[in-house]
Number of protein chains: 2
Amino acid sequence: MKKIDLKELNLNEKEEKILQSSIKLFSEKGFSAATSKEIAKDAGVSEGIIFKYFKTKKDILKAILLHLINILSEKIVLKGIKDIFKNDKECDIKTVLKKVIYDRIKMVDKIYPMAQIIFMEAILHEEIRDAVYNNIIKKAMEIFNDFYFQMAEKNILRKNVDIMVVFRSILSNIAIFIAQKKIFGKYFKFENIDKEIDKVIDVILNGITVQ
Amino acid sequence: MKKIDLKELNLNEKEEKILQSSIKLFSEKGFSAATSKEIAKDAGVSEGIIFKYFKTKKDILKAILLHLINILSEKIVLKGIKDIFKNDKECDIKTVLKKVIYDRIKMVDKIYPMAQIIFMEAILHEEIRDAVYNNIIKKAMEIFNDFYFQMAEKNILRKNVDIMVVFRSILSNIAIFIAQKKIFGKYFKFENIDKEIDKVIDVILNGITVQ
DNA sequence: GTTATAATTAAGTGATTACTCACTCAATTA
DNA sequence: TAATTGAGTGAGTAATCACTTAATTATAAC
């Protein structure tokens, strides 16, 4: 199991171990089904120490979710697209999109178990939905909006579309790509991710009708 | 809470009540966090009777998921698209896509809490993923494949694309539309679903570049 | 080496869980 | 009318849960 980089949180050794094991078990079984006993065993610490560092089990989840959403969303989730959109305004749209999609897939890959926990808990709890919306979705939409507007001004991308629909379409294509790889990977093997992304971009940019 | 139609399962009154309450609570709190006590209370039956009809709590989940996937996937999930693709081969692609997307959104709306449970449990358990893949995804792909091939033969849809990518793109656009409505509905209000769907179809069909 | 302090543990705690079982009682059959 | 049934109950059960605490060990200062 690849571990997630938690350096930014300034944890001591035990705290880090507890969080890593919690991320692993929450993502494997869901929050409710993962027990403190299991977490302790996996982390190689006693059960008592968990509750020294985290008042309750829910606080572990909060540390994983809210903390990371708030503190790291900027660095992990948004910095990548910001940089690409900023530095590549002159490049052609295919290259930019490819960079963004590639970068996002790699990013989610890096933090996957955590992303899965956020995703699942967001479905169940409004507070987490709020954090995801305000810290990630909203900001990503703003960044994309700026980018699209400039591309449309340059007459590269269509003006007569709803940017929200386009954003959603690109986002959903990335999401389903990751889902297919991570959740249904058993049934769908990609030999060449690069080519796969190219095909996705082609459909996004040109549509599926014969022109 | 709108109840899901379970007539097809030939349940008696108590079984039906137990399943309806389980669907409600599993979708609200997740399987593990929903207790048999709560289910009994919500269903207005004693806790004992739950375990007369369902050997274990997991068996309730199985009844909801596997049974419904196997028995109803054909009628609920696939029949709709089959009919539309079969009856509308002559119509224009825009109309067909609109019918399909509209129909799929309505279908998921109808069974939403159950769909959410399937979705979440499929992430956690391989057996459920298998059932979803074999009974829904695989079959839907086959149906779409036939349809796309015929449309491509008529020179309406592009031949030089990967049908899998197109299928995924349409599916993901429908999925994110539903997710936005059901999970993030608080932040995004659609006044006119009809127009929203038109915009999605426009992007799918024509892409986003200036031609 | 002694002492004070902090870190860690193992053995708990009461609460809650999924599940059982002895019993009830209305409906059916003899 | 008496005998039988079986759906339904809810208090009870062992197991397990999140969480606590008293005892133990490690660390550090002198």
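All chains are named by letter (A, B, ...) in the order of the sequence lines, taking the proteins before the strands, and each is independently numbered beginning at 1.
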Ring pair (Phe, Tyr, Trp, His ring centres under 6.0 Å) between Tyr148(A) and Phe167(A), intermediate numbers included: CA-CA 9 Å; Tyr148(A) 196 95; Phe167(A) 175 74; over 10 Å; no
Verdict with reasoning, Ile178(B) to Gln116(B), per side chain to side chain contact (heavy atoms under 4.5 Å, CB included): CA-CA 11 Å; Ile178(B) 291 166; Gln116(B) 191 191 294; over 6 Å; no
Ile170(A)/Leu97(A) under side chain to side chain contact (heavy atoms under 4.5 Å, CB included): CA gap, chis, key distance, verdict: CA-CA 9 Å; Ile170(A) 294 173; Leu97(A) 256 188; 4.0 Å; yes
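The nearest pair of heavy atoms linking Arg168(A) to Val200(B) is NH2-CG2, 3.2 Å. Taking each heavy atom of Ser32(A) and Ser32(B) in turn, the nearest pair found is CB-CB, 3.6 Å.
Atom CZ in Phe31(A) sits about 12 Å away from atom C1' in dC17(D), given to the nearest Å. The distance between atom CD1 of Ile18(A) and atom C1' of dA18(D), rounded to the nearest whole Å, is 14 Å. Atom P of nucleotide dA18(C) and atom CG of Leu25(B) are separated by 11 Å, given to the nearest angstrom. Rounded to an integer number of Å, the gap from Lys14(B) NZ to dA26(C) C1' is 13 Å. In this structure, Lys37(B) atom NZ and dT16(D) atom C1' are separated by 16 Å, rounded to whole Å. Rounded to whole angstrom, the span from the CG atom of Asn12(A) across to the P atom of dA26(D) amounts to 18 Å. At whole-Å resolution of the value, NZ in Lys29(A) and P in dT16(D) are 12 Å apart.
Residue contacts shown for Ser36(A) include a base, since a base heavy atom lies under 4.0 Å away. Heavy atoms of Ala34(A) sit under 4.0 angstrom from primed sugar atoms or phosphate atoms, though from no base atom.
Out of dA18(D), dT8(C), dG8(D), the shortest distance to the side chain of Phe51(A) is found at dA18(D).
Counting only N and O atoms by type, the side chains of Ser36(B) and Glu47(B) include a donor and acceptor under 3.5 Å apart.
Side chains of Phe147(A) and Ile93(A) form a contact here, defined as non-hydrogen atoms less than 4.5 Å apart. Side-chain contact between Asp194(A) and Lys98(A) is present, with heavy atoms from C-beta onward closer than 4.5 Å.
Remark: Lys182(B) qualifies as a cation-pi partner of Tyr112(B) under the 6.0 Å distance and 45° angle criteria applied to the six-membered ring.
The shortest distance between the side-chain N/O atoms of Lys52(B) and the OP1/OP2 oxygens of dG8(D) is not below 4.0 Å.
Applying a 4.0 Å cut-off to non-hydrogen atoms, the residues of residues 53-61 of chain A that approach DNA chain D are Thr56(A), Lys57(A), listed by residue number. Remark: Glu47(B), Gly48(B) in residues 42-50 of chain B come within less than 4.0 Å of DNA chain C through at least one heavy atom.
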